[in-house]
Amino acid sequence: MSSGQVPPTQTDQLMDRLSEGARARGDRPRSNPEIEDEGPIAEATILAIDDNPTNLKVVFEFLRDRGFKVLIASSGESGIERAQKARPDLILLDVMMPGIDGFTTCARLKADPLTQDIPIIFMTALADVDSRVRGLTVGGVDYITKPVERDDALARINIHLQLRQEMKARMAAQAALTELAAGLEEQVQERTRALSESLAQLQQAQVQLIHAEKMSSLGQLVAGVAHEINNPVNFIHGNLTIAQEYVEGLMELVDLAMGGAIATDIEKVATELDFEFVREDLAKILRSMETGTQRIRDIVLSLRNFSRLDESHLKAVDLHEGLDSTLTILNARLKGRGNRLAIEVVRRYGELPPVECYAGPLNQVFMNLLANAIDALDEGPPPSWTGPELDWQPRIEVRTEALAGDRVRVSVTDNGAGIAPEQQSKIFEAFFTTKEIGKGTGLGLSISWDIVVHRHGGQMHCRSELGQGTTFMIDLPVRQGTAS
Ligand SMILES: Nc1ncnc2c1ncn2[C@@H]1O[C@H](COP(=O)(O)OP(=O)(O)OP(=O)(O)O)[C@@H](O)[C@H]1O
Ligand SMILES: [Mg+2]
């Protein structure tokens with residue numbers, strides 16, 4: 001830019017606005033008395049850099065008389081040094097100097113973080129439009145003309161000092177805010193850390209609680225199975241003593257016969273023994289002992305079948321086997337108790353193809369659904385039942401059917417009290433339980449959902465009506481990888 005109009009500076013604009021305001025208020029024109037009377041801003045320090053001693057003297061005296069603290073330098077290099085040490089609030093900078101000129105000095109001051117914020121006003125000759133423009137482009141904020149026109153210079157200096165003060169105040173506020181934010185951030189982090197710790201402790205406690213509860217329900221289950229086994233064992237044990245007595249008597253007879261005893265003696269002993277009865281009864285006892293051992297074998301087989309510990313991989317299995325094993329394990333809980341009759345179990349098994357699944361986890365699902373049904377029936381008849389409590393027949397129906405599209409359905413229905421509509425949406429959530437502490441963890445259905453839906457690509461539904469009972473349905477693909 002060689003000539004033409006100098007772009008308006010911030011100062012020009014501010015001064016324009018000041019005078020516009022005055023015109024609008026109808027103030028009589030004055031020789032800018034506010035500016036003339038204004039003292040130095042907060043004892044500001046001004047550094048004047050000029051190689052011309054006469055100029056420097058004029059500026060020095062003029063500013064000192066106005067109450068500023070004035071520093072001087074006669075070259076760009078010494079000016080930079082002074083600025084770095086004294087950090088003045090404003091710099092008046094001559095353009096034409098031997099050594100580095102004003103523009104270079106300005107550029108260096110602006111490049112140094114120590115001095116870059118100090119406003120620089122160039123001092124240029126009135127006619128030197130090019131220098132003014134260049135001064136503004138290298139980082140100067142304004143210019144004043146030489147010879148210095150005092151009112152104009154003072155006004156510009158004051159405005160830039162004011163702007164700098166405001167800037168400093170803003171930066172201080174910003175720094176304070178940043179510090180505050182950092183403090184807050186730290187507090188938030190501290191709180192978050194404390195909360196995470198409590199959460200971890202809570203989760204740990206919860207895990208222990210669940211473990212304890214699961215162990216206690218497992219304990220109940222084991223106790224039930226032990227009871228189931230104990231019945232035939234006691235029965236066999238009791239009958240063994242009788243069988244032993246019978247056999248001893250019979251051996252006595254055999255000994256007599258072998259020893260050549262006479263018939264009347266043998267007959268006498270046989271009558272004492274009640275030989276005919278013993279012969280029949282021994283056969284009966286042996287048969288029932290066989291039934292007892294068969295029952296024990298069934299239970300042991302069911303336990304093996306249920307746990308399927310040896311099958312952690314996918315395998316096509318007969319779901320009915322899993323259902324039967326689970327029912328056998330739960331047998332003790334199905335028996336009559338208190339005011340409740342024995343639970344009638346109705347098996348409506350359809351024709352099912354072998355289903356490819358993780359048999360162990362799936363048996364757990366059957367166990368959860370059947371245990372929930374028994375829990376519901378343990379609560380007694382639904383409120384709609386008007387007869388004597390003992391006349392009410394609790395019932396569980398286990399149904400299986402093949403569905404279209406290579407899918408199968410297993411349903412477990414009970415005729416218990418049902419689930420309230422507002423609870424039906426929550427029953428699959430982890431830890432949702434309506435059972436008393438120590439009886440339910442609220443995990444059975446959420447674990448079952450996970451096994452059916454996520455591990456097998458199946459679906460799980462519940463249909464329940466208050467007072468009518470509940471049905472849980474599990475739909476499974478016959479083959480894995482074909483789930484829609
Ligand atoms: N057959 C049912 N009849 C009535 N309510 C049921 C039935 N099945 C489930 N529920 C309701 O759903 C809730 C959640 O069942 P879920 O099996 O997930 O947990 P839980 O049985 O309470 O505890 P657990 O973890 O020991 O199984 C039960 O507390 C009960 O309110
Ligand atoms: Mg349950």
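Remember, it's 1-based here, ligands and their atoms both numbered in the order they're listed. Basis for what follows: all heavy atoms, side chains included, without hydrogens, waters or symmetry-related copies. For the single chain, residues carry numbers from 1 onward in sequence order.
- Every N/O-N/O distance between Ser446 and ligand 1 stays at or above 3.5 Å.
- Under 3.5 Å, the side chains of Lys435 and Asn372 contain a donor-acceptor pair of N or O atoms.
- Every residue meeting the side-chain contact (heavy atoms from CB on, under 4.5 Å) condition with Leu390, not counting sequence neighbours, appears here in chain and number order: Leu341.
- For Glu186, the CD atom counts as loosely surrounded, since its 6.0 Å shell holds 12 or fewer non-hydrogen atoms of other residues, nucleotides or ligands.
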What side-chain donor-acceptor pairs closer than 3.5 Å can you find for residues 111-118, not counting sequence neighbours?
from: Asp112; atom 1: OD1; to: Leu114; atom 2: N; distance (Å): 2.9
from: Asp112; atom 1: OD2; to: Gln84; atom 2: NE2; distance (Å): 2.8
from: Thr115; atom 1: OG1; to: Leu109; atom 2: O; distance (Å): 2.7
from: Thr115; atom 1: OG1; to: Asp112; atom 2: O; distance (Å): 3.4
from: Gln116; atom 1: NE2; to: Lys110; atom 2: O; distance (Å): 3.3

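- Under the 4.0 Å criterion applied to side-chain N and carboxylate O atoms, Lys69 and Asp89 are not assigned as salt-bridge partners.
- With a heavy-atom cut-off of 4.0 Å, Phe472 touches ligand 1 through its side chain alone.
- With no hydrogens or angles considered, no side-chain donor-acceptor pair links Thr326 and Asn363 at under 3.5 Å.
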Tyr349 and Asp324: CA distance, side-chain angles, deciding distance, side chain to side chain donor-acceptor pair (under 3.5 Å) verdict: CA-CA 11 Å; Tyr349 290 171; Asp324 286 342; 2.8 Å; yes
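- Taking 4.0 Å as the cut-off, Gly442 counts as a neighbour of ligand 1 on heavy-atom distance.
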Chi angles and distances behind the salt bridge (charged side-chain N to carboxylate O under 4.0 Å, His left out) call for Arg333, Asp378: CA-CA 9 Å; Arg333 290 203 59 201; Asp378 277 347; 3.0 Å; yes
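- Not a single heavy atom of Asn368 sits closer than 4.0 Å to an atom of ligand 1.
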Chi angles and distances behind the side-chain contact (heavy atoms from CB on, under 4.5 Å) call for Val365, Arg455: CA-CA 12 Å; Val365 175; Arg455 287 191 76 178; over 6 Å; no
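- Counting heavy atoms closer than 4.0 Å to ligand 1, residue Thr433 contributes atoms from both its backbone and its side chain.
- Residue Asn372 has at least one N or O atom closer than 3.5 Å to an N or O atom of ligand 1.
- Considering backbone and side-chain N/O atoms, Gln423 never comes within less than 3.5 Å of an N/O atom of ligand 1.
- Using a 4.0 Å cut-off between heavy atoms, Leu369 makes no contact with ligand 1 at all.
- An N or O contact shorter than 3.5 Å is missing between Gly440 and ligand 1 by distance.
- Numbered from 1 in the order shown, with element, the atoms of ligand 1 that lie under 4.0 Å from a heavy atom of Ile427 read 11 (C), 12 (O), 14 (C), 18 (O).
- Between Phe472 and His461, the distance from one ring center to the other does not fall under 6.0 angstrom.
- Taking distances strictly below 2.8 Å, the protein N/O/S atoms close to the Mg ion (ligand 2) are Asn372 OD1.
- With a 4.0 Å cut-off on non-hydrogen atoms, Ile419 touches ligand 1 through its side chain and not its backbone.
- For the side-chain hydrogen bond (donor to acceptor under 3.5 Å, both in side chains) test, no residue two or more places apart in sequence or in another chain qualifies with Thr328.
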